Amino acid sequence: MADTSPPRTERRLALFDASGFIFRAYHAIPPLTTSKGVPTNAVLGFTRMVLKALQELKPTHVALAFDKSGRVERQKIDPQYKANRKAPPEDLTPQFPLIRKVGDVLNLPSLDAEGWEADDVIGTLAMQAKAEGFQVLVVTSDKDFMQIVDEDITLFDPQKNKRMAVADVQEKMGILPRQVRDFLALVGDAVDNVAKVPGVGDKTAVELLHQFGDVETLLSRLEEVKKPKIRAALESHRDSLVRAKQLVTFNTTLPLGVKLDDLVRKAPDGTRARDLFTELEFFALLRDLPAEETPRPDVAPLVATTTVVTTEAELQSLVDAARAAQAVTLVPAFEGMPFAAPLVGLGVALPDGTTRYVPLRHQQLGASQVPVPAFVAAMKDLLADAGVKKGGHDLKALTLVLANDGLTLEGAHDDVELLSYLLNPSRREHALADLARERLRSELPALPASVEGKKGRALSDHGPEEVAAAYAVRADAARRLAPELWRELELGGLAELARTLELPLLPILARMEREGVKLDVKELGRISERVDVEVKAKEAECHTAAGHVFNLGSNPQLAQVLYEEQKLPILKRGKTGPSTDQEVLEKLAEEHGSVLARALIEYRGLSKLKSTYLDTLPSLVAKDGRIHTTYHQAATATGRLSSSDPNLQNIPIRTELGREIRRAFVADAGHQLVSADYSQVELRLLAHIAEDPVLIQAFLDDEDIHSRTAAEIFGVDPKTVDREQRRVAKTVNFGIAYGLSAHGLSTRLGISQESARDVIERYFTRYAGIRQYLEDTVEKARKVGYVETLYGRRRLMGDLLSKNRGVAQAAERAAINMPIQGTAADLMKKAMLSVDAALREQKLKARVLLQVHDELLIEAPDAEVEAVKALAVRCMASVAELKVPLKVDVGAGTSWADAH
DNA sequence: AGGTCTAGGGAG
DNA sequence: CTACTCCCTAGACCTT
């Protein structure tokens with residue numbers, strides 16, 4: 001039996017200067033509130049610091065020390081002590097109790113003493129612990145604490161992550177730790193209103209202490225002080241100096257009535273900590289909390305054991321059970337990209353609450369696992385049977401992995417990632433572990449580190465016993481989460497959206513990813529070589545203009561050259577320094593004739609396209625010569641898809657070079673790419689949703705919408721609108737659904753704020769329905785807490801009630817935009833279902849490859865091109881009956897550029 | 001060497 | 001603060 005209590009010499013007590021950190025955290029972290037408006041910046045900073053320090057110091061004992069009416073006792077010595085301190089800011093006061101709560105849920109004892117400061121509490125405990133043989137670590141950033149440093153007591157500054165021992169004090173101060181109080185008394189403290197001896201600064205104080213050792217000796221041998229002025233000053237400030245030393249000296253003899261055994265470190269109360277952090281919206285910190293040690297009694301723990309399926313008979317009985325229940329939850333074990341990764345094993349949860357793990361490609365098992373062909377044969381029909389509801393987490397990935405073994409998954413129904421997303425699309429992640437923690441109050445067992453970290457052993461090198469439980473438990477967690485999520489979806493009116501839109505879309509996205517798009521690597525290479533030359537030339541041009549070589553990619557270096565060496569005016573500042581962005585460079589080039597700025601703009605444009613696309617895309621081409629992006633169906637706050645690895649939704653188009661890059665996206669031999677995109681879809685939706693008669697009529701008349709808007713704004717005939725007027729109108733049309741302000745419009749158009757205001761006012765006068773819609777949307781969102789699309793997709797909008805004006809206003813703009821952008825996303829998703837169904841129905845070979853928000857890119861055999869163009873237009877335009885027509889532009893060609 | 005943050009910029 | 005929604009790159013900075 002191992003003795004779990006550490007040996008005496010290894011007992012470490014960490015004492016936190018809580019009060020000190022509260023103020024530091026408050027000032028270090030910009031104002032922050034929860035979505036309900038509760039200020040939390042100091043709480044957050046404090047909590048972070050504590051967690052970090054605990055991790056770093058790994059103490060065996062711990063306490064948080066607070067001030068409690070901290071001036072009272074010292075003001076008995078000197079009524080002026082801290083008399084100039086203002087009351088804490090009003091948004092800090094409510095944070096004190098919250099910080100005590102944090103200490104409470106983290107199981108860290110809070111200590112204080114009436115009338116005394118945290119310093120004294122710490123001093124007292126430090127002495128007590130030292131006497132009992134502890135190592136003491138005082139967590140503080142306050143220099144006053146140096147006075148209690150000795151061989152057993154060290155300071156730790158969590159911000160700098162530095163410890164301070166005796167030698168460090170000597171090095172920093174030039175005196176011994178026990179002389180620190182004498183030093184502080186001599187030099188005083190303006191902040192705390194501790195009087196100093198005039199004429200005595202740091203240097204003199206240290207010199208005096210070297211000569212006399214301490215204040216008392218100094219005062220008893222004043223005649224030995226050489227400098228007459230200093231001697232006189234000390235003479236006349238005798239009393240205040242003695243008082244000062246009393247003020248700065250910690251009281252180390254407080255009757256705290258605490259035994260060190262009471263301070264043994266305990267694990268946080270996982271449940272309460274999670275609840276509190278959730279309430280405070282400290283989502284990042286939630287992850288750092290250790291596993292919950294006390295599961296809630298009303299929830300059964302996730303299955304702890306699982307059956308490893310190694311025979312065909314066992315597999316068959318699993319299949320039979322799933323078929324009988326018409327449902328099964330599956331979590332695949334695989335490594336790498338789902339469209340290329342072999343299935344290593346499959347975690348299975350059945351509705352009866354049992355789980356299995358089916359190993360398939362575990363090296364060690366060899367022949368003692370079900371052979372892949374047998375697995376495929378046994379599972380094929382079950383997986384392809386849409387009547388058997390499939391559950392899991394990220395069923396698109398499951399679909400792709402299964403497809404690698406020729407298996408088709410139908411009946412995707414309980415994808416908990418997708419369901420959770422629909423409930424709250426603003427959430428960054430819908431990780432299974434988080435959902436299980438929040439909704440099941442259960443921690444998922446970790447995967448072996450070598451699996452999780454993707455390094456070391458391959459997954460297939462693990463024995464099934466190492467991973468079986470982990471995957472089975474994941475399946476079980478998903479199975480249990482689904483009904484709860486569906487219940488909430490029903491309550492929110494979101495279930496239909498899930499059933500009829502998102503879930504049917506899932507297999508289509510899987511097919512699109514699997515299909516990929518062909519890239520002409522040679523063509524891209526040719527462009528890259530050419531651009532390489534141009535980039536180098538521009539780089540040289542920049543260096544010449546600067547007069548020396550520097551790193552063009554480094555904004556600090558660039559700022560140095562522009563603003564210090566070339567003395568150009570700083571037009572805009574960012575968080576970290578003067579800005580060097582496009583807008584600024586443009587001005588510097590235009591208005592200040594900067595050659596460097598001009599060359600840099602061109603350099604940036606070229607190098608961006610080169611590094612992001614030309615150099616990167618070829619490495620992402622799979623063995624089949626095609627690029628397989630990943631679509632994220634549970635990513636955006638508005639309901640759009642997103643794309644990554646690579647992002648094919650931001651391939652350039654606006655510049656000539658950009659268009660050339662699109663020329664490298666090509667159709668396979670004998671095929672063409674058909675591009676079909678919605679024209680002005682968001683503006684049309686704005687017209688429909690806002691029910692604005694003027695805008696609706698404009699679309700019904702199929703007018704040039706920007707010219708029409710210009711005509712409305714400027715009160716002229718649409719035919720006589722000039723280019724400038726149209727440009728203004730176009731910017732307004734685009735910006736209005738984003739909550740465009742007069743300020744924004746003026747900077748974008750380079751017009752005065754007055755005329756921008758005028759333009760917006762005229763717009764709203766002509767399109768009165770739009771103003772009404774914008775106002776109603778925000779007002780309703782404030783009341784109900786969310787905004788929604790035509791099809792009921794919701795986005796929760798907590799920030800609308802934020803006390804931070806900037807945050808609240810940003811939320812208003814997002815609230816205005818979401819119903820428009822989100823409805824457009826809904827329409828496109830519906831269109832994708834419709835196109836897919838039509839292609840199948842007509843038995844066409846054409847395949848949808850890409851979706852870029854308002855565009856679909858389809859690869860069609862030459863013979864099908866015309867039919868596919870017509871089909872795409874028909875499907876996309878008829879996806880909804882609105883008060884305005886949906887217009888679809890379509891084109892075809894051998895490359896993506898040519899299809900436009 | 002590896003992770004995270006920031007600035008900047010590509011798309012709709 | 002100042003136009004919404006994303007993802008990716010490079011450099012800076014910090015940690016292992």
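By convention in this document, chain letters (A, B, ...) are assigned in the order of the sequence lines, proteins followed by strands, and residues within each chain are numbered from 1. Keep in mind the model is a prediction, meaning the values are calculated, not measured. All values below come from the heavy atoms of this structure, side chains included, with hydrogens, waters and symmetry mates left out.
Listed candidates were C:dC6, B:dA11, C:dT5. Nearest to the side chain of A:Arg654 is B:dA11. Of the candidate nucleotides C:dT2, B:dG8, C:dC4, C:dC4 has the atom nearest to the side chain of A:Gln821. The side chain of A:Thr636 lies closest to C:dC6, out of C:dC6, C:dT2, B:dG12. For A:Arg813, the listed nucleotide lying nearest its side chain is C:dA3; candidates were C:dT9, C:dA3, B:dG12. Counting only heavy atoms from C-beta on, A:Asn650 has its side chain closest to C:dC7 among C:dC7, C:dA3, B:dG8. Nearest nucleotide to the A:Gln557 side chain, out of C:dT5, C:dA12, B:dG8: C:dA12. If you check C:dC8, C:dA3, B:dG10 against the side chain of A:Asp645, the one that comes closest is C:dC8. Nearest nucleotide to the A:Leu609 side chain, out of B:dG9, C:dA3, B:dG10: B:dG10. Among C:dC7, B:dA7, B:dG12, the nucleotide with an atom closest to any side-chain atom of A:Tyr738 is B:dG12. Comparing C:dA3, C:dC4, B:dG12 against the side chain of A:Phe734 picks out C:dA3 as the nearest.
Across the protein-nucleic acid pair, A:Tyr613 atom OH and B:dG8 atom C1' stand 12 Å apart, rounded to whole Å. Separating the OH atom of A:Tyr631 from the C1' atom of C:dC7 is a distance of 13 Å, rounded to the nearest angstrom. A:Tyr773 has its OH atom 15 Å from the P atom of C:dC4, to the nearest Å. The CD1 atom of A:Ile816 sits 15 Å away from the P atom of C:dT2 (whole-angstrom rounding). Atoms CD (A:Gln649) and P (C:dC8) sit 10 Å apart, rounded to a whole Å. Note: CZ (A:Arg659) to C1' (B:dA11) measures 14 Å, nearest angstrom. Spacing between atom CG of A:Asn647 and atom P of C:dT5 amounts to 16 Å, rounded to whole angstrom units. Across the protein-nucleic acid pair, A:Ile661 atom CD1 and B:dA11 atom C1' stand 12 Å apart, rounded to whole Å.
If you check every strand for non-hydrogen atoms under 4.0 Å, A:Ser741 touches a base. Using a 4.0 Å heavy-atom cutoff across all strands shown, A:Arg604 reaches sugar-phosphate atoms only and no base atom. Counting any heavy atom pair closer than 4.0 Å across all strands shown, A:Ala824 reaches no nucleic acid atom. Among the heavy atoms of the strands, none lies under 4.0 Å from A:Ile736. Heavy atoms of A:Gln582 sit under 4.0 angstrom from primed sugar atoms or phosphate atoms, though from no base atom. Among the atoms of the strands shown, base atoms are found under 4.0 Å from some heavy atom of A:Gly735. Note on A:Thr747: nothing from the nucleic acid sits closer than 4.0 angstrom, heavy atoms only.
Taking only distance into account, the side chain of A:Arg640 meets the base of B:dG12 through a donor-acceptor pair shorter than 3.5 Å.
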Query raised in the report: Would A:Phe734 and A:His706 count as a ring-ring contact (aromatic ring centres under 6.0 Å, His included) if you check the C-alpha gap in whole Å, the side-chain angles of each, and the deciding distance to 0.1 Å?
Result: CA-CA 10 Å; A:Phe734 273 115; A:His706 302 314; 5.7 Å; yes
Query - Check against salt bridge (Lys or Arg N to Asp or Glu O under 4.0 Å), A:Glu660 and A:Arg663 - result: CA-CA 5 Å; A:Glu660 283 189 63; A:Arg663 210 156 282 138; 5.2 Å; no
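Looking at A:Val852 and A:Trp896, their side chains come closer than 4.5 Å, going by heavy atoms from C-beta outward.
Annotation for A:Leu641 and A:His853: closest pair O-CE1, 3.4 Å, computed over non-hydrogen atoms.
The aromatic ring centroids of A:Tyr603 and A:His543 lie 6.0 Å or more from each other.
Every side chain to side chain contact (heavy atoms under 4.5 Å, CB included) that A:Leu506 has, sequence neighbours left out, goes to A:Leu395, A:Lys396, A:Thr399, A:Ala412, A:Asp415, A:Leu418, A:Gln633.
Here the separation of B:dC5 from C:dA3, taken at their C1' atoms, is 24 Å to the nearest Å.
A sub-4.0 Å separation between OP1 or OP2 of C:dC6 and a side-chain N or O of A:Ser643 is absent. Considering only side-chain N and O atoms, A:Thr612 lies nowhere under 4.0 angstrom from the phosphate OP1 or OP2 of B:dG9. Within the structure, every side-chain polar atom (N or O) of A:Asn555 is placed at least 4.0 Å from both OP1 and OP2 of B:dT6.
Here salt bridge (charged side-chain N to carboxylate O under 4.0 Å, His left out) pairs that include residues 786-801 of chain A, with residues two or more places apart or in two chains, are A:Glu502-A:Arg793, A:Lys780-A:Glu788, A:Glu788-A:Arg794, A:Arg793-A:Asp826.
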